[in-house]
There are 2 protein chains.
Amino acid sequence: MEIENESRNPQDQPVADKELVEKVRQKMPDEEPLYDLAELFKVFGDSTRIRIIWALFEADMCVCDIANLLNMSQSAISHQLRVLKNSRLVKYKKSGKTVYYSLNDDHIKKIFELGMEHIME
Amino acid sequence: MEIENESRNPQDQPVADKELVEKVRQKMPDEEPLYDLAELFKVFGDSTRIRIIWALFEADMCVCDIANLLNMSQSAISHQLRVLKNSRLVKYKKSGKTVYYSLNDDHIKKIFELGMEHIME
DNA sequence: TTAACATATGAACAAGTGTTCATATGAGCA
DNA sequence: TGCTCATATGAACACTTGTTCATATGTTAA
């Protein structure tokens, strides 16, 4: 009985360089943090949310002023702020009827700047 | 005829702090780069693409080895590599039948590391 | 209390996305 | 030439997502 030279994975994919695949596999982070990272970038992957965050770079703002700034409905902004809140990217402070949102993470600005550098290249 | 105290935008949103909205509006970047930035993060916002990129941090790889590493079909990987290629995040080099992909941007690793920092917080 | 206001929320729908499947392309080899 | 292999591609489909619309919640002021 011969051993096949080319290894195969469960999906029956041929492997060109089995050693390399194993080496890289061992260096890969666990699935979960990579999944979480994708979830974070998914949040950044919408221009409304990008613009909300960019506005909050400049100043803490209430929902209606953000809606006005971006020329969008209060409801749309509120929905998106919830997404940002769920990702711990923004926090809020209530003041009477008004709710003021602000950024909750110092990394965001740096991430955005690096992203901009890629775009400008 | 009286001038209303509260200004309204085309969507009939009340404005709490008109001056602030104007100040922030002037500091906001143009729509287009913000739209492009969202497009970039959209590309990062998928765990398959995140894992492909992370693999390429370790080594340049051909399509079938990436498919094997991630235990996914060659077709799925090829489709995703095209997305990465269109965003100028990866480049490729042909060698006979085989196509080797590699990263095309030094910012990516930094962006991912900062993203990870947010997750770990 | 009632009215006005700021915000949040749920349902619904159109638009977008990732994978699969089948097949095309193009290079190397017999 | 014809066959095999690595990759690319198009169509189809299920699934996800962002907005709108209607309405609920909760606060302030009269």
Side-chain angles (χ1 to χ4, degrees), chain A residues 4-17 21 35 38-39 41-52 60-87 90-101, chain B residues 4-17 21 35 38-39 41-52 60-87 90-101:
Chain A
E4 287 208 26
N5 201 16
E6 277 199 346
S7 310
R8 309 237 158 209
N9 70 5
Q11 296 217 4
D12 204 35
Q13 298 290 340
V15 186
D17 188 339
V21 171
Y35 183 82
E39 289 303 305
F41 288 131
K42 216 170 278 183
V43 174
F44 291 150
D46 173 81
S47 64
T48 298
R49 290 191 293 265
I50 288 272
R51 288 184 300 156
I52 291 174
D60 299 359
M61 293 181 84
C62 66
V63 180
C64 75
D65 281 357
I66 298 172
N68 188 277
L69 174 68
L70 304 185
N71 220 327
M72 293 181 64
S73 73
Q74 173 270 323
S75 180
I77 299 301
S78 184
H79 278 296
Q80 297 297 8
L81 283 168
R82 181 157 54 138
V83 174
L84 294 171
K85 200 169 38 176
N86 288 343
S87 307
V90 302
K91 58 182 189 294
Y92 63 94
K93 203 163 38 173
K94 292 196 182 182
S95 169
K97 289 175 290 188
T98 311
V99 181
Y100 291 95
Y101 281 84
Chain B
E4 286 208 27
N5 201 15
E6 277 196 346
S7 310
R8 309 235 158 210
N9 71 4
Q11 296 218 2
D12 204 37
Q13 298 289 341
V15 186
D17 189 337
V21 171
Y35 183 82
E39 290 303 305
F41 288 132
K42 217 171 278 182
V43 174
F44 292 150
D46 174 80
S47 63
T48 298
R49 290 190 292 264
I50 287 270
R51 288 183 300 156
I52 291 174
D60 299 359
M61 295 180 82
C62 66
V63 180
C64 74
D65 281 357
I66 298 173
N68 188 277
L69 173 69
L70 304 185
N71 220 325
M72 292 180 64
S73 73
Q74 173 270 322
S75 179
I77 299 301
S78 185
H79 277 298
Q80 296 298 7
L81 282 168
R82 182 157 52 136
V83 175
L84 294 170
K85 200 169 38 176
N86 288 343
S87 306
V90 302
K91 58 181 188 292
Y92 63 94
K93 203 161 42 176
K94 292 196 182 182
S95 169
K97 288 175 293 188
T98 312
V99 181
Y100 291 95
Y101 280 83

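Chain A is the first sequence line, chain B the second, and so forth, proteins listed ahead of strands; every chain is numbered from 1. In what follows, every heavy atom counts, from backbone to side chain, and hydrogens, waters and symmetry copies are set aside.
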Seminar exercise, completed: Out of D:dG18, D:dT20, C:dA8, minimum distance to the side chain of A:Ser73 belongs to D:dT20

Exercise. Would you call the rings of A:Tyr101 and A:Tyr92 parallel, tilted or perpendicular if under 30° counts as parallel and over 60° as perpendicular?
Worked result: tilted

Measure the distance from [atom1] on [X] to [atom2] on [N] and round it to the nearest whole Å.
X	N	atom1	atom2	result
B:Arg82	C:dT19	CZ	C1'	13 Å
A:Asp65	C:dT7	CG	C1'	13 Å
A:Ile77	C:dT7	CD1	C1'	12 Å
B:Ile66	C:dT19	CD1	P	14 Å
B:Lys97	C:dC29	NZ	C1'	8 Å
B:Asn68	D:dT7	CG	C1'	16 Å
B:Asp46	D:dC15	CG	P	16 Å
A:Leu81	C:dT7	CG	C1'	10 Å

Exercise. Are OP1 or OP2 of D:dT19 and a side-chain N or O of A:Gln80 less than 4.0 angstrom apart?
Worked result: yes

Exercise. OP1 or OP2 of D:dT20 less than 4.0 angstrom from a side-chain nitrogen or oxygen of A:Ser75, does that happen here?
Worked result: no

Exercise. Which is true for A:Thr98 with a 4.0 Å heavy-atom rule: it touches a base, it touches only sugar-phosphate, or it touches nothing?
Worked result: sugar-phosphate

Exercise. Contact class for A:Lys42 (heavy atom, under 4.0 Å): base, sugar-phosphate, or nothing?
Worked result: sugar-phosphate

Problem set entry | Gap between atom OG of A:Ser47 and atom NZ of B:Lys42 - 0.5 Å precision | 6.5 Å

Exercise. By centroid distance (under 5.5 Å) and plane angle (under 30°), are A:His79 and D:dT19 in a stacked arrangement?
Worked result: no

Problem set entry | Nearest-nucleotide 5' precedence on DNA chain D, A:Ala76 against A:Gly96 | A:Ala76

Problem set entry | 5' precedence on DNA chain D between A:Thr48 and B:Tyr101 (nearest-nucleotide basis) | B:Tyr101

Exercise. Are B:Ile66 and B:Met72 side-chain neighbours, meaning at least one heavy-atom pair lies under 4.5 Å?
Worked result: no

For this session: Answer with yes or no whether B:Gln74 presents, from its side chain, a donor or acceptor under 3.5 Å of a partner atom in the base of D:dA8.
Result: yes

Problem set entry | Any donor-acceptor pair under 3.5 Å from B:Ser95 side chain to B:Thr98 backbone | no

Exercise. Do you know which of A:Asp65, A:Asn68, A:Leu70, A:Leu69 makes side chain to side chain contact (heavy atoms under 4.5 Å, CB included) with A:Ile77?
Worked result: A:Leu70

